[in-house]
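Throughout, protein chains are lettered first and strands after them, A, B, ... in sequence-line order, and every chain is numbered starting at 1. Computed from heavy atoms alone, side chains included, the values below leave out hydrogens, waters and symmetry copies.
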Amino acid sequence: MLARDAVIGTGCAVGGVLIVHRSMQLGNVPGSYAGPGLFPTLIGIALCICGILVLAPALRQKKGERFFSGPGERLRLVEVTGLVIFLIACAPKLGFILTSWIMMMAELCLRKNSLLRSAVTATILVAVVWGLFTKALKVPLPIGPWGW
Amino acid sequence: MMANLAAAIQLLSSPYLIFIMVITAVYGLFVGLVPGLTATMATALFVPFTFFMDPLPALAGVIVLSAMAIFAGDIPATLVRVPGTPSSSAYVEDTYQLCSRGMAVKALALCACCSATGGIIGALSLMLIAPTLAQFATRFTSFEYFWLAILGLSTTVTVSKGSTVKSCIALLLGLFFSTIGIDITLGIPRFTFGSSELLGGVNFIPAMVGLFGVSEVIRTTEESVSFTAQKLSFGFFEMLKSAWATMKNRLGILLRSTVLGMVIGALPGAGGDIAAWISYGVGKLSSKHPEEYGKGSEEAVLTATSANNAALGGAWIPALVFGIPGDSITAILLGILMMKGLRPGPLIFERQGDLVYAIYLVFLIANVLLIPLGYLAARSGMQMLKVPKGILMPAILLFCCVGSYAINNSLFDVGVMLVMGLLGYFFEKSEVPVAPIVLGLILGPMVERNFMMSVIKTGGSLSQFVTRPISAVLVICVACAWTIPLWSARRRRRSVAS
């Protein structure tokens with residue numbers, strides 16, 4: 001079985017059914033078969049069919065596979081996800097500068113840069129981004145309780 | 001015409017106007033280079049400055065910055081596989097593959113020269129056939145727009161590399177994401193699960209940044225980097241020569257893509273993104289080497305990049321002739337025109353003929369400027385490849401996060417970017433193409449809105465979808481978009497077997 005295709009096929013088939021189920025509850029324009037649910041229903045049905053079309057051959061195949069090309073890639077997946085979640089969660093509380101600096105430091109250190117190089121690079125990167133976005137483009141990046 | 005042209009040339013000779021064009025060109029190049037920032041956003045940010053300008057410098061600024069931003073979007077797409085603007089997502093795989101093979105100069109040269117050529121031909125055509133083309137565009141109703149969007153969706157499925165079923169899955173997911181938010185028919189929330197942020201729907205810019213940018217950051221580990229050595233510095237004439245080597249044998253294709261881009265651009269609501277995709281699809285269908293599309297095909301880059309810049313000029317046609325915006329940039333421009341007391345419409349050609357011709361000439365100048373300025377931007381952009389991946393990838397991640405945030409000043413969009421990044425990563429590992437998701441998100445509302453409008457207009461009858469003449473032609477095009485690739489694939493299989 002090709003695990004990836006099986007996951008995609010199952011996910012699409014189940015997701016399609018759920019979309020159809022939810023869309024059915026949206027109702028129609030009075031006196032018409034069309035309504036807010038029509039388009040998602042069609043998408044759900046098509047998704048379900050495509051899911052089955054991917055799942056069926058995947059179940060028949062007997063091929064082993066490796067999802068990650070190496071340990072570095074697995075670590076990268078966890079690290080990028082964690083760092084972006086950290087930015088989303090902490091930027092409103094700590095402000096963009098501090099949060100993104102911590103995020104960059106962590107990411108640079110995890111990418112095997114020395115501590116000094118990471119600190120200097122993170123500081124320059126955050127300063128450049130802050131300057132470009134807040135000063136040049138007037139984008140109000142989140143500020144912390146200390147006003148920056 | 002000649003009197004208007006002479007007056008227009010006089011208007012353009014102002015040093016102040018030239019200064020504005022240079023400044024906005026640099027600004028447009030910067031915006032296009034940053035993932036997440038679009039030409040539309042750059043235009044919107046430029047609007048407050050136009051309050052203090054005369055009409056022509058204001059309009060010239062917008063034209064120049066949008067042309068530059070759309071080209072500059074190709075630079076990060078080529079070098080790090082993060083499209084700077086949605087128009088670049090059609091051919092990102094080809095430019096990136098060329099870069100991976102050590103042909104970054106070739107890819108960037110093609111992007112700059114084909115964008116400029118497409119833009120110049122588009123501007124010349126704008127001068128000659130604007131009213132006629134605008135008249136044709138008015139014959140498009142919701143039925144035709146529905147089929148046009150379907151044609152765009154069909155081409156993305158058929159031109160994507162790998163399994164057609166998997167491409168369909170990606171497209172359907174994109175279409176599903178486009179249904180999230182307030183429904184356009186009854187105004188009720190769909191698939192929002194009580195979240196107020198989802199009421200506005202899923203923005204395609206953070207989605208695009210996530211699908212291409214974040215997934216690339218995850219995938220690129222130090223040990224996986226395998227770029228062929230690049231030539232990082234190159235001369236201006238070397239760039240022109242490199243592009244000409246590809247263009248000289250494909251002038252017919254270039255012309256076809258430009259005309260296609262211009263016609264699609266002239267249709268209100270259809271912009272450079274759709275033009276690039278449809279042109280890419282048509283290019284693949286008619287190519288002698290369709291198997292190379294998506295794997296670093298020079299022809300693919302040429303066909304799509306010329307169409308998206310030609311569409312920029314085309315979008316001005318309905319805007320000037322009828323006051324109907326061709327895309328989001330011209331919508332902002334119409335606001336500027338009205339703010340300056342100018343009324344777009346057929347009378348603008350009679351009352352302000354010199355201004356209209358000056359706009360045409362600005363288009364030409366912007367596209368001519370694109371080659372030297374594009375060269376400088378490409379040369380500076382190439383320095384990105386000198387930066388070790390251990391520093392470049394965190395920097396890209398930071399730009400992706402801030403670029404996504406800047407669209408609506410919302411951290412929710414950063415979340416959307418992350419989710420799409422993980423989805424993109426998983427899909428790429430499973431050989432599911434991710435570009436159809438972006439096009440599904442862009443075209444989903446257009447498909448649904450026009451379908452619902454048509455169905456409500458006709459009381460539920462579907463016959464007009466196929467009986468109107470332009471609709472019927474588009475239906476045939478859609479049928480061809482699905483059958484020709486399948487037929488040629490079958491023919492190839494047979495010839496291999498025999």
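- In this structure, chain A has no heavy atom under 4.5 Å from any part of B/F412.
- Taking both residues in full, the closest heavy atoms of A/D5 and B/S430 are given as OD1-O, 4.0 Å, listed atom of the first, atom of the second, then distance.
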Determine, step by step, whether B/D183 and A/F39 satisfy the side chain to side chain contact (heavy atoms under 4.5 Å, CB included) criterion, reporting the C-alpha distance in whole Å, the side-chain angles of both residues, the deciding distance to 0.1 Å, and the verdict. CA-CA 10 Å; B/D183 147 67; A/F39 195 57; over 6 Å; no
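- Both the backbone and the side chain of A/L141 have a heavy atom closer than 4.5 Å to some heavy atom of chain B.
- For B/Y405, the part lying near chain A is the side chain, with the backbone staying farther off; criterion is any non-hydrogen pair under 4.5 Å.
- The part of A/L132 that comes within reach of chain B is its side chain, from C-beta onward, which places non-hydrogen atoms under 4.5 angstrom from that chain.
- Across A/V78, A/L83, A/L108, the residue that shares the most heavy-atom pairs under 4.5 angstrom with chain B is A/L108.
- At a threshold of 4.5 Å between non-hydrogen side-chain atoms, the residues A/V80 and B/Y425 do not count as touching.
- Rounding to the nearest 0.5 Å places CD1 of A/I88 at 9.5 Å from OG of B/S410.
- The two atoms that bring A/I43 and B/L172 nearest to each other are CG2-O, 3.5 Å, heavy atoms only.
- Among B/P388, B/C168, B/A395, the residue making the largest number of heavy-atom pairs under 4.5 Å with chain A is B/A395.
- Counting heavy atoms from C-beta outward, A/L47 and B/F176 have side chains that stay 4.5 Å or more apart.
- Note that NZ of A/K138 is 13.5 Å distant from CG of B/N409, once rounded to the nearest 0.5 Å.
- The contact between B/V455 and chain A is made entirely by side chain atoms (from C-beta outward), counting heavy-atom distances below 4.5 Å.
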I'd like to know whether B/V217 forms a side chain to side chain contact (heavy atoms under 4.5 Å, CB included) with A/R76, so could you lay out the CA-CA distance, the side-chain angles of the two residues, the decisive distance to 0.1 Å, and finally the verdict. CA-CA 8 Å; B/V217 172; A/R76 204 68 69 226; 5.6 Å; no
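- Shortest non-hydrogen contact noted between A/R22 and B/F191 is CG-CE2, 3.5 Å.
- Taking chain B as the reference chain and counting heavy-atom pairs below 4.5 Å, the highest number among A/A46, A/P140, A/G16 is found for A/P140.
- The nearest pair of heavy atoms linking A/G35 to B/M452 is N-CE, 3.4 Å.
- Annotation: maximal heavy-atom pairing with chain A below 4.5 Å, among B/T179, B/L175, B/I391, occurs at B/I391.
- The part of A/T121 that comes within reach of chain B is its side chain, from C-beta onward, which places non-hydrogen atoms under 4.5 angstrom from that chain.
- Two residues are said to be in side-chain contact when any heavy atoms from C-beta on lie closer than 4.5 Å; A/V84 and B/M417 meet this criterion.
- The CD1 atom of B/I218 sits 14.0 Å away from atom CZ of A/R74, with the distance rounded to the nearest 0.5 Å.
- Between the side chain of B/R190 and the backbone N or O of A/P36 there is at least one donor-acceptor pair closer than 3.5 Å.
- For B/I169, the parts sitting under 4.5 Å from any heavy atom of chain A are the backbone and the side chain alike.
- Expressed to the nearest 0.5 Å, how far CG of B/L411 lies from CZ of A/F96 amounts to 10.0 Å.
- Contacts of B/L422 with chain A are made by side-chain atoms alone, with heavy-atom separations under 4.5 Å and no backbone atom involved.
- Taken from CG in B/L397 to CD in A/E107, the straight-line distance is 5.5 Å, to the nearest 0.5 Å.
- Heavy-atom neighbours of B/F49 CZ from other residues, nucleotides or ligands within 6.0 Å: at or below the threshold of 12.
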Side chain to side chain contact (heavy atoms under 4.5 Å, CB included) for B/F451 and A/L38? Distances and angles first, verdict last. CA-CA 10 Å; B/F451 180 77; A/L38 178 67; 3.3 Å; yes
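- Around NZ of A/K93, the count of heavy atoms belonging to other residues, nucleotides or ligands within 6.0 Å does not exceed 12.
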Stepwise side chain to side chain contact (heavy atoms under 4.5 Å, CB included) check, B/V432 with A/R4: CA-CA 10 Å; B/V432 180; A/R4 279 175 248 181; over 6 Å; no
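- Counting heavy-atom pairs under 4.5 Å between each of A/C12, A/P40, A/A34, A/G15 and chain B puts A/P40 at the top.
- Distance check, rounded to the nearest 0.5 Å: CZ of B/F426 to CD1 of A/I8 gives 5.0 Å.
- In terms of heavy-atom pairs under 4.5 Å with chain B, the best-connected choice from A/N113, A/I85, A/L87, A/L53 is A/N113.
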